[in-house]
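This report concerns only the one structure given below.
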Amino acid sequence: MNPYGLELTVLRPAMRVYLFVTCLVDTFFPGVGEGMVRVLDRLGVDVEFPAAQTCCGQPAFNSGYREDAQAVAERFISIFGNALQERRDEETYIVCPSGSCTTMLKVFYKELLSNSPIQLNKLALIANKTYEFSEFLVNVMKRADVGASYKGVVTYHDSCHLLRELGVKDEPRRLIEAVRGIEFREMEMHDACCGFGGTFSVKFPRVSVSMLDEKIDCIIGSGADTVISSDMGCLMNIGGALSRRKIPVRVMHLAELLAHTGSEGD
Amino acid sequence: MTYERINFETDSERAVGDEKLQHALVNVTNRFRSARNKASSEVPGWDELRTLAREIKKETIENLDRYLIMLEENVKKAGGHVHWAKDGEEACRIIIEIARKNGVNSVVKSKSMATEEVELNSNLERAGIRAVETDLGEYIIQLAGEHPSHIIAPAVHKTKDDISRLFSEKLGVPYMSDPADLTKVARERMRSEFLSAGMGVSGANFAVAETGTIVIVENEGNARLTTTVPRIHAALMGIEKIIPRYNDLSLFLTLLARSATGQKSSTYVSFITGPRRESDADGPEEFHLVLLDNGRSGILANGETRESLYCIRCGACLNNCPVYRKVGGHSYGWVYSGPIGAIINPQLLGIDKAPELPFASSLCGACRDVCPVKIDFPKVLLELRHEVKETKAETGKGRELFFERLAFRLWRTIVTHERLYGFFSSLMYYVQMPYRGESGGLGSLPYPFSRWTRDRDFPAIAEIPFRERWKELRKEIGEGSTK
């Protein structure tokens with residue numbers, strides 16, 4: 001028993017997760033990576049961080065610079081391919097706190113590397129083992145309740161890649177609803193893009209902000225004090241506007257929320 | 001015909017600042033969107049129908065030559081004439097020649113994107129032939145001297161008040177605010193146009209290869225007058241509008257009406273096979289079908305973007321696109337707007353004419369979710385971005401592009417070397433210091449990041465990146481498998 005009165009099943013000790021942390025989390029939001037580590041550790045998973053990883057290459061791919069993206073992707077595949085080589089059993093996974101970067105690996109790499117059968121082969125080995133964080137907890141570990149608690153009213157923003165490329169919609173909501181002390185309120189147009197879109201937000205800032213305005217209105221309309229999402233890209237966009245306008249709504253990555261225990265939450 | 005380079009950035013910024021337009025866009029896209037969502041949910045197996053339609057389109061486009069020849073044969077068999085136009089100029093010349101040969105000096109038109117594409121109206125005017133649009137929205141646009149801003153609702157950007165003023169100014173009628181009165185004015189004007197026109201020009205929503213039938217879908221009844229009252233009917237269609245079999249129509253008509261307006265069926269669907277026969281009560285004496293290429297065979301040749309040709313012009317992608325919903329149709333600079341415009345305008349006009357359009361998307365994929373033929377918009381957009389940057393790099397804005405390429409090359413060097421990456425991120429931590437605001441975020445960054453910080457704070461780089469924090473964390477949680 002832990003202090004919160006719930007039994008945490010310790011899974012087979014063999015289960016191991018290699019963290020695919022994303023450059024955005026590494027550089028700007030290390031707390032998200034830490035949150036993920038704490039949740040996975042609490043669930044009895046061995047966590048490893050292949051330290052050579054940097055970026056998956058998505059910025060260049062989305063901007064049309066495929067040659068640059070390919071060089072980065074090949075390096076990335078080899079790092080995680082080697083990590084998996086160490087433990088070639090079923091209970092080893094790669095988990096990422098971003099729908100967008102998971103999509104890059106599982107969906108767009110196939111496009112990017114279509115001219116290289118050797119790379120595609122290596123990719124197949126790691127892509128099958130890779131999951132976005134909420135998808136991993138709910139669909140692989142079969143856990144919705146991860147022992148988190150948070151006092152607050154939260155709403156959830158669906159990030160586009162997670163929702164439409166990976167088809168993950170219910171998993172984050174199930175995890176949120178299982179958090180003790182939380183009140184979940186769905187916002188209007190929860191599945192509308194926030195206007196980030198990587199370089200889109202810099203190439204066409206007025207259009208991007210106009211899309212963001214609508215999202216902010218929906219967040220405020222929900223009455224939530226915290227907006228949760230599964231991608232830091234969306235959250236830095238949303239959070240950037242909330243902070244500029246001094247709107248007292250927090251942004252929080254799902255991993256940070258799930259890392260919360262005890263009575264804190266403000 | 002030559003087109004100027006499309007300037008999405010300038011035009012979209014203007015649109016975003018236009019409050020009246022913003023209001024109109026929200027209204028119309030919300031209305032169409034909810035109608036479409038309701039109508040599609042009423043059909044069991046909607047998603048399977050979309051898959052089937054996609055497969056039929058794929059098969060058709062991949063055998064386009066064969067089906068087009070079949071169509072030509074069957075149109076001729078039914079007594080019609082078939083013309084092939086390699087570009088817009090040729091299409092206009094063909095239609096003008098048909099008119100001249102028959103002494104036609106006035107033409108009625110029903111809504112057609114293809115005729116917009118080839119700028120038929122202005123070409124007819126130059127040839128001394130009057131052309132009158134008979135679709136109400138198109139009529140309004142024509143009076144205003146503008147271009148359509150939505151595939152199925154061309155005048156969506158105009159308010160009732162705009163139209164009232166336009167009518168009183170151009171038609172000399174008193175200002176009237178009731179839409180029913182305005183419609184009545186337009187209807188009265190058109191009636192005489194229908195009766196005096198020597199030729200009707202239409203588009204085609206579909207053309208059935210096996211029967212030589214063209215199909216026109218509409219709600220106002222003007223298309224059926226256009227195609228039956230005047231002595232001659234000429235239809236202009238893009239070569240991709242073809243479908244193989246008559247039996248396929250029930251599927252495509254279901255998908256088109258429900259995706260476009262949320263209707264179970266449109267008010268009128270006309271099936272036209274050749275000119276009037278002796279037993280027919282009405283119809284034209286001559287029927288001409290003009291098959292327009294105008295860049296389409298170029299799209300066909302590109303296996304990666306070929307699916308752009310599956311489009312049946314329902315406009316659902318526009319209504320669901322968060323970008324279109326903010327910028328409206330005119331920002332896309334040409335007849336096709338929204339996600340479909342972003343992928344076909346650069347391909348039809350030449351990528352150097354519209355290098356920004358493939359980037360005018362956040363790649364959210366909402367368009368693909370609603371497309372009745374499941375066009376993979378993000379995939380095509382990404383392919384076109386690649387074409388802009390790597391194969392036709394010089395077509396963008398010169399200097400900016402040079403620095404962007406340099407930045408990505410530098411980025412590549414950094415992220416492929418772990419130590420350099422670590423060094424660079426700690427360097428950036430110190431570089432950002434002067435920009436930190438009271439909230440901890442960065443409030444005002446130099447160009448190009450100033451484009452972000454004008455309206456949003458940018459997050460600060462963490463003092464201790466995750467890779468450093470991990471070393472402590474690892475001790476705390478135990479050394480991996482050894483615990």
Side-chain angles (χ1 to χ4, degrees), chain A residues 16 21 23 25-30 33-34 37 41 46-49 51-52 54-55 57 59-68 71-72 75 108 111 160-161 164-165 191-193 195-212 214 236-237 239-241 243-244, chain B residues 8-9 12-13 16-17 322-323 326-327 358-366 368-369 379 382 385-390 404-405 408-409 411-412 414-416 418 421 425 428 439 441 443 448-449 451-452 454-462 464-467 469-470 473-474 477 480-481 483:
Chain A
R16 173 178 290 195
V21 151
C23 54
V25 166
D26 178 43
T27 314
F28 293 95
F29 309 104
E34 179 173 342
V37 171
D41 181 57
D46 283 350
V47 186
E48 271 300 333
F49 172 68
T54 54
C55 173
F61 179 69
N62 281 358
S63 301
Y65 296 97
R66 292 206 174 169
E67 203 189 301
D68 297 320
V72 177
R75 180 176 179 276
F108 296 151
E111 199 80 31
C160 298
H161 279 160
R164 299 200 181 84
E165 298 287 350
D191 58 354
C193 176
F196 174 55
T199 51
F200 173 78
S201 59
V202 175
K203 271 189 200 296
F204 306 111
R206 307 274 166 127
V207 183
S208 168
V209 167
S210 177
M211 290 157 71
L212 179 56
E214 204 168 350
M236 69 186 247
N237 191 36
S243 126
R244 176 63 58 91
Chain B
F8 180 84
E9 189 180 342
S12 65
E13 286 192 2
V16 165
V323 176
K326 294 296 170 196
V327 305
F359 295 88
S361 163
S362 64
L363 298 176
C364 83
R368 181 182 50 199
D369 274 11
K379 181 187 155 224
L382 285 164
R385 289 179 180 192
H386 173 54
E387 255 179 62
V388 172
K389 295 298 181 191
E390 281 180 14
E404 192 184 275
R405 290 174 73 82
F408 272 109
R409 203 44 64 94
W411 164 87
R412 166 183 168 175
I414 292 167
V415 300
T416 48
E418 194 192 342
Y421 173 85
S425 69
M428 290 317 286
S439 63
F449 304 102
R451 298 166 72 94
W452 173 288
R454 203 183 73 101
D455 295 299
R456 294 163 283 203
D457 290 339
F458 196 74
I461 292 171
I464 303 168
F466 179 80
R467 60 189 55 250
R469 203 184 278 196
W470 165 250
L473 267 172
R474 189 164 200 240
I477 64 171
S481 57
K483 78 175 172 190

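From a predicted model like this one, the values you see are computed outputs, not experimental measurements. Only this structure's heavy atoms are used, side chains among them; waters, hydrogens and symmetry mates stay out. To find a chain, count down the sequence lines: A is the first, B the second, and so on, and within it residues start at 1.
Per-residue counts of heavy-atom pairs under 4.5 Å with chain B were compared for A:Ser210, A:Ala241, A:Cys193, A:Ala192; the largest is that of A:Ser210. Comparing A:Ser243, A:Gly240, A:Pro59 by heavy-atom pairs within less than 4.5 Å of chain B, the highest count is held by A:Gly240. Contact count against chain A (heavy-atom pairs under 4.5 Å) is highest for B:Ser361 among B:Gly441, B:Pro448, B:Gly365, B:Ser361. The choice from B:Leu382, B:Leu473, B:Val16 that makes the most heavy-atom pairs within less than 4.5 Å of chain A is B:Leu382. With respect to chain B, the highest number of heavy-atom pairs below 4.5 Å among A:Arg66, A:Glu34, A:Met211 belongs to A:Arg66.
Applying the side-chain hydrogen bond (donor to acceptor under 3.5 Å, both in side chains) rule to A:Glu214 yields the partners B:Arg325, B:Lys326; only residues at least two apart in sequence or on another chain are considered. With sequence neighbours left out, the salt bridge (charged side-chain N to carboxylate O under 4.0 Å, His left out) criterion links B:Glu404 to A:Lys203, B:Lys389.
Contacts between B:Ala460 and chain A at a heavy-atom distance below 4.5 Å involve the backbone alone (N, CA, C, O). Residue contact with chain B, scored on non-hydrogen atoms closer than 4.5 Å, is absent for A:Asp191. Proximity to chain A is limited to the side chain of B:Ser425, based on heavy atoms less than 4.5 angstrom apart. When heavy atoms are compared at a cutoff of 4.5 Å, B:Arg454 approaches chain A by way of both its backbone and its side chain. With a threshold of 4.5 angstrom between heavy atoms, A:Val72 approaches chain B through its backbone and through its side chain. Contacts of A:Arg75 with chain B are made by side-chain atoms alone, with heavy-atom separations under 4.5 Å and no backbone atom involved.
In the model, A:Ser201 has no side-chain atom that pairs as donor or acceptor with a side-chain atom of B:Arg456 under 3.5 Å.
Between the side chain of B:Arg467 and the backbone N or O of A:Thr27 there is no donor-acceptor pair closer than 3.5 Å. Using a distance-only test at 3.5 Å, with no hydrogens or angles considered, no donor-acceptor pair links the side chain of B:Ser362 to the main chain of A:Gly197. Using a distance-only test at 3.5 Å, with no hydrogens or angles considered, a donor-acceptor pair links the side chain of B:Arg385 to the main chain of A:Asn62.
Put simply, the side chain of A:Phe108 does not reach to within 4.5 Å of the side chain of B:Lys379, judged on heavy atoms. Contact annotation: the side chain of B:Trp470 approaches that of A:Val47 to within less than 4.5 Å [non-hydrogen atoms, C-beta and beyond]. A heavy-atom distance below 4.5 Å is not found between the side chains of A:Arg244 and B:Asp455. Counting only heavy atoms from C-beta outward, the side chains of B:Glu9 and A:Val207 never approach each other to under 4.5 Å.
Residues B:Phe359 and A:Phe204 place their aromatic rings such that the two centres sit no closer than 6.0 Å.
Taken from CZ in B:Phe408 to OH in A:Tyr65, the straight-line distance is 6.5 Å, to the nearest 0.5 Å. A distance of 8.0 Å separates CH2 in B:Trp411 from SG in A:Cys23, rounded to the nearest 0.5 Å.
The pair B:Arg405-A:Glu67 fails the salt-bridge criterion, with no side-chain N (NZ, NE, NH1 or NH2) lying under 4.0 Å from an Asp/Glu carboxylate O. Of the charged side-chain nitrogens involved, at least one lies within less than 4.0 Å of a carboxylate oxygen, so that A:Asp68 and B:Arg409 count as a salt-bridged pair.
Contact detail for A:Val202 and B:Arg451: the closest heavy-atom pair is O-NE, 2.5 Å. Listed here is the closest heavy atom pair of A:Gly33 and B:Phe466: C-CE1, 3.3 Å. The two residues A:Phe28 and B:Pro459 come nearest to each other via the heavy atoms CE2-O, 3.4 Å. Nearest approach of A:Ala71 to B:Arg412, heavy atoms of both residues: CB-NE, 3.5 Å. Among all heavy-atom pairs drawn from A:Phe200 and B:Ala360, the shortest one is CE1-C, 4.1 Å. Contact between B:Glu418 and A:Ala51 at its shortest, heavy atoms only, is OE2-O, 3.0 Å.
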